[in-house]
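Every chain is numbered from 1 and lettered A, B, ... according to where its sequence line falls, protein lines coming before strand lines.
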Number of protein chains: 2
Amino acid sequence: MKETLSSIAARTGFSVTTISRVLSGNAEKHRISKETIEKVLKDAREHNYSPSLVAQSLRTNKTNTIGLLLPSIANPYFADVASVVISEVHRRGFTAIVIDTMEDEKNFNDSASLLLSRRVDGIIAVPCGTDCTLIESINDNYLPVVLIDRYYDNSHLSFVTTNNHKGGLMATRHLIGMGHKKIACIQGTITSNPSKERVRGYREAMTEAGFDEHIRIVGNEFSIQNGYLETKLLLESANPPTAIFTLSNTITLGALKAIREAALKIPEDISIISFDNYTYMDFLEPPVTRIGQPTEDMAKLAIKILFDRIESVPNSTSQLKLSPSLIAGESIKGI
Amino acid sequence: MKETLSSIAARTGFSVTTISRVLSGNAEKHRISKETIEKVLKDAREHNYSPSLVAQSLRTNKTNTIGLLLPSIANPYFADVASVVISEVHRRGFTAIVIDTMEDEKNFNDSASLLLSRRVDGIIAVPCGTDCTLIESINDNYLPVVLIDRYYDNSHLSFVTTNNHKGGLMATRHLIGMGHKKIACIQGTITSNPSKERVRGYREAMTEAGFDEHIRIVGNEFSIQNGYLETKLLLESANPPTAIFTLSNTITLGALKAIREAALKIPEDISIISFDNYTYMDFLEPPVTRIGQPTEDMAKLAIKILFDRIESVPNSTSQLKLSPSLIAGESIKGI
DNA sequence: CTTTTTTGCGAAAACGATTGCACGAAATTC
DNA sequence: GAATTTCGTGCAATCGTTTTCGCAAAAAAG
């Protein structure tokens, strides 16, 4: 029932060494005879031997495993990231350990330590919070780390993210181009870099258009509820905006709900532009105009950077910002 | 840089045995003195020792790891499952290895073997294909397996799934109750149990209403494209249905696209009822009426069954079918 | 002042693989 | 026929833990 190299050795009469060489495909290298190879393979097959990767890992100091740290797998955006990362590492013969940190900094740090204990060969993470000391020390002293989507200011950790500032600019300029002035912005987790950068782009676009007085930034979380509540407040305020820039797909959903409850029509009564691309966005009525992030490219690039560092030692830093793109829907009215 | 029990032993002057006992919390049990404990803990902390879970696993023959096999993480339904499973096992001190089998039987079997080699303590799987010999043998000889969503006929493997037959019945009867007769059904992967059972429910409801002549089953895959193509064909056929029963959220999306392209209105021109509950469903225009599966309950139950078997030996079988529920939208017109 | 009990700790054998070194026999070269 | 090379294989150490025994010294009991 429990097959090991030595049980095969016992049966075939060869040494554990020889069995190991044959089964790990190094037979030629050590000129094991054809017949021996055959016998060993046959026995292994018959007793369906399954090599212990944990013993292998201990010996070789390599687990062929990478860790993936995400703030919330329930969020379609991160689920997308997970999907790409998982298949990409699988393609390279690695397996992925996935942990949901629930948008909590302590969870994040504990999980990072856990991955370290598990001796993964690398970590892909969307970090939480603002303190990067632990993850940075892991990267510097133990194993390569590459961040996706979010990153830390003043850190040399490698990351791949969307150019969120540009995205914020694009979205806001687009609304302005369509004649809007009173544009509100519902932001996400305030400490997160993507949210901050998108807001910065929004601000910049408003200022360059001379709309400083109309700048209106609300909200504090990447969640449906946040989008819902803030939109409700905006709509019922004294001077409601003619357009809303929602900083994530979840916020957008909440906004849609509030708008529907107010019996308003998009885009006739109010315009909306969102962040994040997602299949469902095209199926909403109307399809929502949005700034799409190159999720797949981001994930693949992050993986590539990670494996470059896993395979060769140089502890280099690459910090990449990929351009987002505007995907036209029908949620904006020209004024 | 590389901290081990013996490096701590060397520094503190105690034996590896003692260090192990202190750090694994078994100090009391072996009446290690207060001072010794203090010294060891201090040294470990100062050199931030991180125990090697791989060495631990080798020694104890337990990895505290479970494997999760999914056909497509990009599908929101399975992403939901993943989300629950991952956090649930984490809560129990385990980590999850996730593999996307891409709806391919060979991939599925290879991945199952990989998990075996990785010596996971249990497997949660949504299987692909119809041949269960490998996974069954894994369950019988090596480690507990619990299936979610799909299962094999004539297998003693444990599973938790939705009562899909009932779901099919509910959906079809609902349409019939609203006055529909010409009801078409777009199915998913034909070999999969959920699709088969839903179709069986559809058939049964049609027959009991005396609508045998209107039974019309098309499609062959759980995908957007399948939904799109089949709906196109249905709409352009000689005698188009007044209502469509789509067997998954992905199929529904495709159907919506085709319906929109045909410039038809839901529910005025055509009614639709879907399977799978999903946040976005409420935000479509109109909100789609659907049969919701108790995804979270399913995943939690599967985990519970799995851990019962991990923690105590009895190789029992539990095969559970949970009731779905009808979630009202506005996508069905009464005739 | 023995004998027994308690206290505090260590030696060494696993767990299942990989790998550097070595070695005897057969084949080849000179 | 001696020296060298090639073949085919094995010994034993090692990776970092846990765990079974066991043992000496101190404390308690007699």
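Using a 4.0 Å heavy-atom distance criterion, B:S20 is classed as a base contact. Counting non-hydrogen atoms under 4.0 angstrom, A:T17 reaches a base of the nucleic acid. Within 4.0 Å (heavy atoms only), B:T36 reaches sugar-phosphate atoms of the nucleic acid but no base atom. Counting non-hydrogen atoms under 4.0 angstrom, A:V16 reaches a base of the nucleic acid.
Ranking C:dG16, D:dT17, C:dG10 by closeness to the B:T4 side chain, first place goes to D:dT17. Relative to the side chain of A:Y49, the nucleotides C:dA17, D:dG16, D:dT17 differ in distance, and C:dA17 lies closest.
A distance of 6.0 Å or more separates the ring centres of A:Y152 and A:F159.
Between D:dT9 and A:S33, a contact under 4.0 Å exists linking OP1 or OP2 to a side-chain N or O. A:S15 has a side-chain polar atom (N or O) that falls below the 4.0 Å cut-off from OP1 or OP2 of D:dG10.
Sequence order on DNA chain C of the closest nucleotides to B:K34 and B:A55 puts B:K34 first from the 5' end. When each of A:I19 and A:R31 is assigned the nucleotide of DNA chain D bearing its nearest heavy atom, the one mapping closer to the 5' terminus is A:R31. Comparing B:H30 and B:N61, the nucleotide of DNA chain C nearest to each residue sits closer to the 5' end for B:H30.
Rounded to whole Å, the distance from CZ on B:R21 to C1' on D:dT20 is 9 Å. In this entry the distance linking CD1 of A:I37 with P of D:dC7 reads 14 Å, nearest Å. What separates CG of B:L58 from P of C:dA13 is a distance of 17 Å, to the nearest Å. Distance CG (A:L116) to C1' (D:dG16): 14 Å, rounded to an integer number of Å. Going from atom CG of A:N26 over to atom P of C:dA17 covers 15 Å, rounded to whole Å. The interatomic distance linking A:Q56 (CD) with D:dT14 (P) rounds to 21 Å, in whole Å. The distance between atom CG of A:L5 and atom C1' of C:dC15, rounded to the nearest whole Å, is 12 Å. What separates NZ of B:K2 from C1' of D:dT17 is a distance of 14 Å, to the nearest Å.
Under the 3.5 Å distance criterion, with hydrogens and angles disregarded, no donor-acceptor pair is assigned to the side chains of B:S20 and B:T17.
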*Begin with the C-alpha distance, continue with both residues' side-chain angles, and end with the deciding distance and a verdict on side-chain hydrogen bond (donor to acceptor under 3.5 Å, both in side chains) for B:Y151 and B:K321.*
CA-CA 11 Å; B:Y151 57 99; B:K321 299 190 181 182; 3.2 Å; yes
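For C:dG16, its base never sits under 3.5 Å from the side chain of B:R119 at any donor and acceptor pair.
We find that A:E296 and A:K300 are joined by a salt bridge, their nearest charged nitrogen and carboxylate oxygen being less than 4.0 Å apart.
Under the 4.5 Å side-chain criterion, counting only non-hydrogen atoms from C-beta, B:K62 is not in contact with B:Q56.
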